[in-house]
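Keep in mind that this is a model prediction, so the values were computed, not measured. Chain naming here is simple, since letters A, B, ... match the order of the sequence lines and numbering starts at 1 in each.
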Protein chains: 2
Amino acid sequence: MSETRLSQAIHTLKESGVRITPQRHAVLEYLVNSMTHPTADEIYKALEGKFPNMSVATVYNNLRVLREIGLVRELPYGDSSSRFDCNTTEHYHIICNSCGKIVDFHYPTLDEVESLAEQVTGFDISHHRMEIYGRCENCQDVPAAKH
Amino acid sequence: MSETRLSQAIHTLKESGVRITPQRHAVLEYLVNSMTHPTADEIYKALEGKFPNMSVATVYNNLRVLREIGLVRELPYGDSSSRFDCNTTEHYHIICNSCGKIVDFHYPTLDEVESLAEQVTGFDISHHRMEIYGRCENCQDVPAAKH
DNA sequence: TAAACTAATTATAAAGATTATAATATAAGA
DNA sequence: TCTTATATTATAATCTTTATAATTAGTTTA
């Protein structure tokens, strides 16, 4: 099944006239199989073994390409670096204020919000993003840590 | 009215045992009066005239303090630096993909999403954030610019 | 299959945003 | 006013991301 998702993604790449290089394939494959919304650096470190000479710039370049095609969504956070999410099914994220854990959360997509926004502002809406913040069950047991 | 908001904010600061320095006061005042969701650097430049010796670290320190108390919300973006929003009435943001313009958008707060998230994940939810992306009316007239 | 063309990768370096550090200055309470 | 803890300043360091130029390697075409 993730085999299928990967093949589909590669098909999309080819259709966009983008070359399939081993590094690009590996970044995409890692993202498709990842459940953790990795940062660029995490991807870089994860592929270090397979591609000892790979440059960080390659990771960023490929993430940009994948984002432009729409295969990957970038999720910037306040504390540090962006995280990247393979944009398959529409979903939202719940983020722990204490430990930073990210949990996927399914909720009926808020089409209504988008259409209302379109009417009120005249924008041509492309998508929306929602995140819910709180303390996960683990962190509720421990006294609040100072950020 | 924004006078009141400022006084209330300062009251909150005092209650939290935080010192009211001229710089801190100025950062807070600028944020209360600002409609543009400024970046740290914009605040720094705006206050340069009044405080020629102010360090950029002071701006960041104060933004952190204000955020920890809950007076200010940080809105990290993918392209560059975070923006800061005086967290008064609950609202959402519509962001132009082309020019970056941010427009406030009022919508009934999505309490239902929060309570459902709480039930499903066991998180103790504190707040949520939603942004809507698209092209503003101005940018719709111009051919799509390559990011 | 080989040559050619174009895009991708690498190895830097640079830029930009944010944080850390140590010394000095200052707000606020006694 | 004095004292003390906190805030500010000036600077450097860190971290993330992007830019550049040279090299390498996909893909197309003959």
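If you take CZ of Arg64(B) and C1' of dA7(D), they are 11 Å apart, rounded to a whole angstrom. Per the geometry, CZ belonging to Arg67(A) stands 12 Å off C1' belonging to dT18(D), to the nearest Å. For Asn53(B) and dA25(C), the CG to P distance is 12 Å, given to the nearest whole Å. As a whole-Å value, the separation of Ile10(B) CD1 from dA27(C) P is 14 Å. Taking atom CD on Glu42(A) and atom P on dT16(D), their separation rounds to 10 Å, with Å as the unit. Taking atom CE of residue Met54(A) and atom C1' of nucleotide dA8(C), one finds them 13 Å apart after rounding to whole Å. The OH atom of Tyr44(A) sits 15 Å away from the P atom of dC15(D) (whole-angstrom rounding). Regarding Phe51(A), its CZ atom lies at a distance of 8 Å from the P atom of dT10(C), rounded to whole Å.
In this structure, a donor-acceptor pair under 3.5 Å is present between the side chains of Arg24(A) and Asn62(A). Checking Glu131(B) against Tyr133(B) by side-chain atom types alone, a donor-acceptor pair falls below 3.5 Å. Side chains of Glu74(A) and Ser82(A): a donor on one and an acceptor on the other come within 3.5 Å. Looking only at atom types and distance, the side chain of Asn97(B) has a donor-acceptor partner in the side chain of Ser126(A) under 3.5 Å away.
In terms of position on DNA chain C, the residue among Lys14(B) and Val56(B) whose nearest nucleotide sits closer to the 5' end is Val56(B).
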Nucleotides 19-26 of chain D: which of its N/O atoms have a protein N/O under 3.5 Å away?
{"unit_1": "dG26(D)", "atom_1": "N2", "unit_2": "Arg19(A)", "atom_2": "NH2", "d": "3.1"}

Restricting both atoms to N or O, compile the protein contacts to nucleotides 15-17 of chain C shorter than 3.5 Å, with distance only.
none

Step-by-step side-chain hydrogen bond (donor to acceptor under 3.5 Å, both in side chains) determination, Tyr92(B) to His128(B): CA-CA 10 Å; Tyr92(B) 303 107; His128(B) 70 271; 2.7 Å; yes

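Of the possible polar contacts, one joining the Ser34(B) side chain to the Thr36(B) backbone as a donor-acceptor pair under 3.5 Å is found. Between the side chain of Glu114(A) and the backbone N or O of Asp111(A), no donor-acceptor pair lies under 3.5 Å. Using a distance-only test at 3.5 Å, with no hydrogens or angles considered, no donor-acceptor pair links the side chain of Glu68(A) to the main chain of Val65(A).
Here the CD1-CZ distance, from Ile69(A) to Arg67(A), works out to 11.5 Å after rounding to the nearest 0.5 Å.
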